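Computed from a predicted structure; not experimentally measured.
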Amino acid sequence: MNTLNGMPGPTSRVFFSQRLRLHYVDWGNPEAPPLLLVHGGRDHCRNWDWVAQALRKDWHIICPDLRGHGDSQWSPDGNYSMGAYIYDLAQLIHQQGLAPVTIVAHSLGGNICLRYSGVYPDKVRKLVAIEGLGPSPKVIAERKKPMDVRMREWIDEQRKLSGRGPRKYPTIEDAFKRMQEENKHLSAEQARHLTQQGVNQNEDGTYSWKFDNYVRAWPPYDMTYEDIEHLWAQITCPTLLVYGKESWASNPETDGRIKHFKTAKVVEFERAGHWVQHDRLDDFVATTREFIK
């Protein structure tokens, strides 16, 4: 039996969206209110194991793998647009009858869930988004380019990715070392667990990360920034925007984005980078538990 700290681990399940076979884990306790935990880019659903274990007695926890991530199917045409991600989330909530659902989401997952909450404000009970607003207004202004330039750069990037196979590591220890390099805040135990859950062994015995390389390429077209601000303004549920003080992400209280939210407040954690749920696990769980109750 799959166990974690002596307790039964989650059960793997699947659902379908746009013909893709998408994976999620279910932590049991179906009589309890539903809680979705949604991971970030190039991550996977088992990123939430420590948070799920802490909250599983009070909530029915479901953790999806985004398309192209974890044990979910890769998109055959490399479609990893925000619209596709939002549709997948909408399908999971619709098919499993989860609304009104409570959501905790990180980074890309937070971006998806914030937009979903603006599209369907009546379907989200409470929302915790860890660094999920995307680039700051300053960064967006610096990156602004004409559509012809954006399209050419995207096509060039797609071509490069098409010829780039998954990176192979001779042993799982090599992948583990890479995980530690990526996030210096992780303990050895955390890095090892995330590595073991985040790789597949190849036929030649090497190891590669589970995510599709095409998820690295951001599409050249998305909702306009005004559209995204409009969606933020439609959110009606209590919303907690979480930030790590040592992260690269811009705090919305500092850069002004908080003004677009009706019901959001910001909490910033000392001694934490982009993965606040790992870097300050106990404090993050305590803050989240109090907020979502």
Check ion pair Glu173-Lys177 (N to O, under 4.0 angstrom): no

Any donor-acceptor N/O pair, Arg216 side chain to Glu157 backbone, under 3.5 Å: no

Side-chain touch Leu22/Phe16, heavy atoms, less than 4.5 angstrom: no

Test item: side-chain donor near acceptor, Asn47 and His278, under 3.5 Å: yes

Under-4.0 Å salt bridge between Asp279 and Lys245: no

Check: Ser162 and Tyr214 side chains under 4.5 Å, non-hydrogen atoms: yes

Salt-bridge present (Glu270, Arg280; N to O < 4.0 Å): no

Electrostatic pair Lys160-Asp156, nearest N-O below 4.0 angstrom: no

N-O pairing of Lys210 and Asp71 below 4.0 Å: yes

Pair Trp275 and His185, ring centroids less than 6.0 Å apart: no

Arg67 with Asp212: basic N within carboxylate O range, under 4.0 Å: no

From His23, His39, His44, residue fulfilling ring-ring contact (aromatic ring centres under 6.0 Å, His included) relative to His69: His39

Verdict with supporting geometry, Ser247 and Glu131, side-chain hydrogen bond (donor to acceptor under 3.5 Å, both in side chains): CA-CA 9 Å; Ser247 174; Glu131 304 202 350; 2.7 Å; yes

Heavy-atom closest pair, residues Gly244 and Val276: N-CG2, 3.6 Å

Donor on one side chain, acceptor on other, His106 and Asp43, under 3.5 Å: no

Side-chain touch Pro137/Ile140, heavy atoms, less than 4.5 angstrom: no

Whether Trp232 and Tyr225 hold their rings parallel, tilted or perpendicular, with breakpoints at 30° and 60°: perpendicular

N/O donor-acceptor pair under 3.5 Å between Ser17 side chain and Leu20 backbone: no

